[in-house]
Amino acid sequence: MRLPDLPLVEPGFKAWNPTDKIRGFAWYVLTQEGRATFTSGDIKRCFDALGFVVPSSISAFLNGMEKREEVLRRGDGYILEHRIHEMME
């Protein structure tokens with residue numbers, strides 16, 4: 001799947017809130033780009049590539065998601081917590 005296809009495959013993607021879009025972009029980077037981790041820069045790249053408004057601080061969203069155990073820090077990046085990853089499949 002190419003990144004521009006993501007909004008076509010996921011119903012309502014364009015209307016998702018920023019946290020949900022970050023989950024979706026994280027899933028894309030990890031599964032479709034085959035990366036072991038993702039960074040805030042990867043997420044920003046996805047927002048930019050699709051022409052979506054970029055949240056003022058992606059890092060703040062990721063920190064909140066980390067506190068809710070939706071993402072886990074791995075080295076210089078993040079992974080999706082297993083239940084979130086499975087939910088996105």
Side-chain angles (χ1 to χ4, degrees):
M1 172 189 320
R2 296 174 321 113
L3 183 58
D5 297 331
L6 186 59
L8 303 173
V9 173
E10 289 297 325
F13 184 86
K14 292 177 183 179
W16 285 8
N17 66 45
T19 302
D20 289 338
K21 284 179 181 162
I22 289 170
R23 281 188 207 105
F25 291 146
W27 174 87
Y28 177 84
V29 170
L30 296 171
T31 63
Q32 303 303 302
E33 293 183 355
R35 304 269 307 278
T37 62
F38 67 91
T39 65
S40 60
D42 294 322
I43 301 301
K44 181 182 183 313
R45 175 177 50 83
C46 293
F47 273 98
D48 287 340
L50 294 179
F52 289 125
V53 174
V54 179
S56 58
S57 176
I58 293 170
S59 294
F61 277 92
L62 290 172
N63 287 338
M65 293 170 74
E66 187 176 14
K67 287 179 184 172
R68 292 188 304 276
E69 298 180 339
E70 296 177 18
V71 298
L72 306 171
R73 195 175 293 270
R74 293 290 185 263
D76 291 337
Y78 296 90
I79 62 169
L80 289 171
E81 197 276 334
H82 181 75
R83 67 185 159 80
I84 301 298
H85 193 275
E86 289 292 312
M87 182 179 74
M88 299 298 297
E89 289 290 323

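The figures here come from the full heavy-atom set of this structure, side chains too, leaving out hydrogens, waters and symmetry mates.
Within the 3.5 Å criterion, the main-chain N or O of M1 finds a donor-acceptor partner in the side chain of Q32. A side-chain donor-acceptor contact under 3.5 Å links Y28 to the backbone of L3.
The shortest non-hydrogen separation linking G24 to M88 is CA-CE, 3.5 Å. Between G77 and T39, the shortest heavy-atom distance links the atoms CA-CG2, 4.3 Å. Across R83 and E69, no two heavy atoms sit closer than the pair NH2-O, 3.2 Å. Pairing each heavy atom of L50 with each of P7, the nearest pair is CD1-CG, 3.9 Å. A pairwise comparison of heavy atoms in C46 and V29 identifies SG-CG2, 4.1 Å as the closest pair. Nearest approach of Y78 to L30, heavy atoms of both residues: O-CD2, 4.4 Å.
The number of heavy-atom neighbours closer than 6.0 Å to CG of D48, taken from other residues, nucleotides and ligands shown, is above 12.
Once rounded to the nearest 0.5 Å, the distance linking CG of L62 with CD1 of I43 reads 6.5 Å. Taken from CD in E81 to CG in L72, the straight-line distance is 6.0 Å, to the nearest 0.5 Å. Separation of atoms CZ (F25) and CH2 (W16) is listed at 9.0 Å; rounding is to 0.5 Å. A distance of 11.0 Å separates CD1 in I22 from CG in L80, rounded to the nearest 0.5 Å. Taken to the nearest 0.5 Å, the CD atom of E66 stands 11.0 Å off from the OG atom of S59. Separation of atoms NZ (K44) and CG (D42) is listed at 12.0 Å; rounding is to 0.5 Å.
Taking 4.0 Å as the cut-off between side-chain N and carboxylate O, D5 and R2 count as a salt-bridged pair.
N63 has its side chain out of reach of R68: every pair of non-hydrogen atoms, C-beta onward, lies at least 4.5 Å apart. I84 has its side chain within reach of R23: a pair of non-hydrogen atoms, C-beta onward, lies under 4.5 Å apart. Side-chain contact between F38 and W27 is absent, with no heavy-atom pair separated by less than 4.5 Å. At a threshold of 4.5 Å between non-hydrogen side-chain atoms, the residues I79 and R35 do not count as touching.
K21 forms no cation-pi arrangement with F47, by the criterion of a distance under 6.0 Å to the ring centre and an angle within 45° of the ring axis.
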